[in-house]
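Just below is one structure, and these are the notes that go with it.
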Amino acid sequence: MGALPLLAQNLQMLTSPRLMLSYSHLGNQKYDSSAHTFGLGQSSLSLNLPLYHSNYAKSEYGLKRFLYLGFQPSFVLSSANFENTALDRELINLSLGINGIYTSGIKNMYLLSVRPMLNEDEYTINNPIWRYNASFLYSRMVNTKFKYRIGLTYTYLFGEGNLLPIVGGTYRDWE
């Protein structure tokens, strides 16, 4: 989901510039009964650039108000290697994300992510098509045991833009 890049384990990591590099490789795996194989390698480079953040007030219960705006560009290069070399592809993903988080008190949090992106391969990169993802999420802590989230996301599934709901909740019976 588009809102996922907005989440962080602590605010210090979110509000500091970060450069993230990763590489993964899946070796040859069988994908059918004829023992044909498939492999995948993926390299990514992403950046978190805080544009603005502000703490409005603190209390003994924690942060009361917080505003964060950030820019998160990323580049992902994937290599799909089928046993049949005619299917091999270099897949390219470039995205430019603008993200925001606002807490209006201890119990309410609003998340916004807008992300234009390109998903192309080495044959279509000469004529790229920009696609747009966006997500809005509202999170409410009802009490120390229960929290719910509702929102909307605009994303691409099967090559078509779709507006989808986001619904979730957390219940824990310990404190």
Side-chain angles (χ1 to χ4, degrees), residues 1-53 68-101 109-137 139 147 149-170:
M1 293 290 171
L4 292 179
L6 296 173
L7 304 176
Q9 292 298 317
N10 69 42
L11 296 177
Q12 184 112 29
M13 286 187 68
L14 186 67
T15 58
S16 301
R18 300 274 186 226
L19 177 66
M20 293 146 291
L21 302 168
S22 72
Y23 174 77
S24 60
H25 178 75
L26 173 66
N28 292 337
Q29 304 290 314
K30 294 179 184 176
Y31 66 89
D32 67 11
S33 60
S34 301
H36 291 108
T37 60
F38 166 79
L40 180 68
Q42 183 170 300
S43 303
S44 69
L45 170 69
S46 60
L47 187 60
N48 177 45
L49 291 174
L51 300 176
Y52 177 81
H53 64 91
Y68 163 83
L69 295 173
F71 177 61
Q72 292 180 324
S74 71
F75 177 77
V76 178
L77 181 63
S78 302
S79 298
N81 301 312
F82 287 87
E83 191 174 55
N84 176 355
T85 57
L87 296 175
D88 289 354
R89 291 285 187 269
E90 294 288 325
L91 307 171
I92 300 159
N93 175 278
L94 172 67
S95 67
L96 306 170
I98 299 291
N99 303 309
I101 300 175
M109 183 168 50
Y110 304 85
L111 305 168
L112 177 66
S113 175
V114 178
R115 186 171 295 277
M117 64 180 191
L118 295 171
N119 287 311
E120 305 295 338
D121 64 20
E122 71 267 26
Y123 302 108
T124 62
I125 194 66
N126 295 330
N127 192 18
I129 298 172
W130 283 95
R131 293 183 169 91
Y132 303 92
N133 285 356
S135 296
F136 173 77
L137 186 67
S139 179
K147 182 193 308 187
R149 293 169 289 285
I150 59 171
L152 289 171
T153 187
Y154 181 80
T155 188
Y156 279 82
L157 293 172
F158 307 112
E160 305 247 346
N162 293 287
L163 187 62
L164 301 171
I166 301 171
V167 178
T170 304

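All values below were derived from every heavy atom in this structure, side-chain atoms included, with hydrogens, water molecules and symmetry-related copies excluded.
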Looking at side-chain heavy atoms only, is the closest gap between [X] and [Y] below 4.5 Å?
{"X": "Val114", "Y": "Tyr132", "result": "no"}
{"X": "Asn127", "Y": "Glu120", "result": "no"}
{"X": "Met20", "Y": "Asn48", "result": "yes"}
{"X": "Ile92", "Y": "Leu77", "result": "yes"}
{"X": "Leu111", "Y": "Phe136", "result": "no"}
{"X": "Leu91", "Y": "Gln42", "result": "no"}
{"X": "Pro17", "Y": "Pro50", "result": "yes"}

Drop me the distance from [X]'s [atom1] to [Y]'s [atom2], to the nearest 0.5 angstrom.
{"X": "Leu137", "Y": "Met109", "atom1": "CG", "atom2": "CE", "answer": "7.5 Å"}
{"X": "Arg115", "Y": "Arg131", "atom1": "CZ", "atom2": "CZ", "answer": "15.5 Å"}
{"X": "Ile129", "Y": "Asn119", "atom1": "CD1", "atom2": "CG", "answer": "10.5 Å"}

Side-chain donor/acceptor of Glu122 to backbone N/O of Glu90, under 3.5 Å:
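Yes, because the side chain of Glu122 sits within donor-acceptor range (under 3.5 Å) of the backbone of Glu90.
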Taking Asp121 for the side chain and Tyr123 for the main chain, is one N or O donor matched with an acceptor at less than 3.5 Å?
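Looks like yes, one N/O pair under 3.5 Å.
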Can you say whether the rings of Tyr23 and His25 are parallel (under 30°), tilted (30 to 60°) or perpendicular (over 60°)?
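It falls in the parallel class, under 30°.
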What do the steps show when you test Ser22 against Ser44 for side-chain hydrogen bond (donor to acceptor under 3.5 Å, both in side chains), and what is the final call?
CA-CA 5 Å; Ser22 72; Ser44 69; 2.5 Å; yes
side-chain contact (heavy atoms from CB on, under 4.5 Å) between Asn133 and Met117, worked out:
CA-CA 8 Å; Asn133 285 356; Met117 64 180 191; 3.5 Å; yes
With side-chain contact (heavy atoms from CB on, under 4.5 Å) as the test, would you mind laying out the steps for Trp130 and Leu118 before giving the verdict?
CA-CA 5 Å; Trp130 283 95; Leu118 295 171; 3.6 Å; yes
Side-chain donor-acceptor contact under 3.5 Å, Ser135 with Thr153
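The criterion, which ignores hydrogens and geometry beyond distance, is satisfied for Thr153 and Ser135.
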With no hydrogens and no angle check, do the side chains of Ser46 and Arg18 hold a donor and an acceptor under 3.5 Å apart?
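No.
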